[in-house]
There are 2 protein chains.
Amino acid sequence: MKNTDKSLYEARAKILKAMAHPSRLLIIEELNKTERCVNELTAMVGSDISTVSKHLSVLKNAGLVTDEKRSNCVYYTLRCSCILDFIDCVEEVLAADAEDHKKILKSIMK
Amino acid sequence: MKNTDKSLYEARAKILKAMAHPSRLLIIEELNKTERCVNELTAMVGSDISTVSKHLSVLKNAGLVTDEKRSNCVYYTLRCSCILDFIDCVEEVLAADAEDHKKILKSIMK
DNA sequence: TTCCTGCTTGGTTAAATTGCCAAACAGGAA
DNA sequence: TTCCTGTTTGGCAATTTAACCAAGCAGGAA
C-alpha cells in the first residue's frame with residue numbers, strides 16, 4: 001500500500017472506529033435529534049458518567065461532534081448528520097445476513 | 001439503554017468495527033471494483049498473507065463479503081456496495097475538520 | 001503416492017480499548 | 001470563603017485487536 005493511500009485509509013478508519021461502539025452509536029443518533037449535555041446522555045446510555053464523557057471525547061476527537069459550555073452544562077452537537085444515512089446501509093447488510101441465515105436453515109430442514 | 005436497543009446498536013457497531021481498519025477499507029474498496037483472491041489482496045495491502053486472511057475473515061464474519069473457492073483460489077466478493085457511499089460522508093467529516101484547522105491557524109496567525 | 005500452491009489457523013507478543021472508581025476541576029450559589 | 005453541580009481526567013484491571021511466524025490443510029499436478 002502506498003504511503004499516501006495509507007494515511008487516507010487511516011483517516012477514514014479513525015472516523016469509523018469512533019463510531020464503532022454501541023453507546024457511541026446511541027449518542028450519535030440522539031444528537032442527530034437535538035443537542036444534549038453529558039448528564040442527559042449518561043441517563044440514556046446507562047453507564048458511568050466518566051465512561052460517557054470519554055465516549056464523547058472519542059467522538060469529538062474524530063471530528064464527529066462539537067461541544068459548547070453554556071451555564072453549567074456542556075452541550076454536545078452532531079457535526080455531520082449524513083453519518084446516519086450510513087446506518088441504512090448497515091441495516092441492509094444485517095438484513096442480507098438474516099436472509100442468508102434463513103436460507104441455510106431451510107436447506108438444513110429439507 | 002433498553003436491552004432490545006442494546007442488541008440493535010451492538011449489531012450495527014459490529015459492522016462498523018469490521019470496517020474500521022485501514023487495510024480492511026482498502027480491501028472493501030478494491031472488492032467494490034471486482035472480486036479478488038487472497039493472494040491479489042495481499043499484494044495490495046502489503047502485509048503478511050495470514051494477516052490479510054484474518055482481515056477477510058473479519059469482513060466475512062460481519063457479513064460484508066462472501067467467499068467462493070474456484071480452482072485453487074478463494075475469491076472474495078463485496079456483499080453490499082452501498083457500504084462505500086458512506087465513505088463520501090466520512091470525507092465530509094474530514095473536510096470539515098480540515099476547515100476548522102484552517103480557521104484555528106488563521107486566528108493564531110492574526 | 002508425494003509435492004506444490006493457496007489459504008487458514010494456532011500461538012505469542014505488543015498495543016489499544018473499555019469501564020469503573022476516585023480525584024480533580026470549573027463555575028455558580030450561598 | 002465554602003459548598004454543590006456538572007464534567008473531565010488519572011489510574012487500574014480486564015478484554016480485545018493486530019501482526020508476524022510457523023504449522024496445518026485442501027486440492028490439483030506429477
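Chain letters run A, B, ... following the sequence lines, proteins first, then strands; residues in each count from 1. This one's a predicted model, so the numbers in the text were calculated from it and none came from an experiment.
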Next on the checklist: How many whole angstroms separate atom CD of A:E10 from atom C1' of D:dT17?
Outcome noted: 16 Å
Checklist entry - Can any side-chain N or O of B:R36 pair as donor or acceptor with the backbone N or O of B:L41 at less than 3.5 Å? => result no
Next on the checklist: Looking at C:dT8, I'd like to know if its phosphate oxygens (OP1 or OP2) sit under 4.0 Å from a side-chain N or O belonging to B:S50.
Outcome noted: no
Checklist entry - Could you give the NE2-to-P distance, from B:H21 to C:dA16, as a whole number of Å? => result 12 Å
Checklist entry - So what does B:Y76 hit on the nucleic acid, given a heavy-atom distance under 4.0 Å: a base, only sugar-phosphate, or nothing? => result sugar-phosphate
Checklist entry - Nearest-Å distance, NZ (A:K17) to P (C:dT17)? => result 4 Å
Checklist entry - Can you list the steps and then say if B:L59 with B:I27 is a side-chain contact (heavy atoms from CB on, under 4.5 Å)? => result CA-CA 9 Å; B:L59 292 174; B:I27 291 171; 3.8 Å; yes
Checklist entry - Nearest-Å distance, CG (B:D48) to P (C:dG11)? => result 17 Å
Item to check | Length of the NE2-C1' vector between B:H55 and C:dC7, whole Å | outcome: 15 Å
Next on the checklist: Any base atoms under 4.0 Å from B:R70, or only sugar-phosphate, or nothing? Heavy atoms, all strands.
Outcome noted: nothing
Checklist outcome for this item: A:K54 NZ to C:dT17 P, in whole Å, measures 13 Å
Next on the checklist: Working note: A:L31 + A:T77, criterion side-chain contact (heavy atoms from CB on, under 4.5 Å); need CA distance, chi angles, decisive distance, verdict.
Outcome noted: CA-CA 6 Å; A:L31 294 184; A:T77 313; over 6 Å; no
Checklist entry - For A:I27 and D:dT7, what is the distance between atoms CD1 and C1' respectively, to the nearest whole Å? => result 14 Å
Next on the checklist: Assuming nearest nucleotide by heavy-atom distance, tell me which of B:N72 and A:S53 is located more 5' along DNA chain D.
Outcome noted: A:S53
Next on the checklist: Hydrogens and angles aside, do B:Y9 and A:E29 bring a side-chain donor and acceptor to less than 3.5 Å of each other?
Outcome noted: yes
Checklist entry - NA contact type, B:S47, heavy-atom cut-off 4.0 Å: base, sugar-phosphate, or nothing? => result sugar-phosphate
Item to check | Protein-nucleotide distance (B:N39, atom CG; C:dT8, atom C1'), rounded to Å | outcome: 13 Å
Next on the checklist: Checking the side chain of A:S57 only, and the main-chain atoms of A:K54 only, is there a donor and an acceptor separated by less than 3.5 Å?
Outcome noted: yes
Item to check | Residue mapping more 5' on DNA chain C - nearest nucleotide basis, A:S71 or A:V58 | outcome: A:V58
Next on the checklist: Between the base of D:dG6 and the side chain of A:K69, is one N or O donor paired with an acceptor at under 3.5 angstrom?
Outcome noted: no
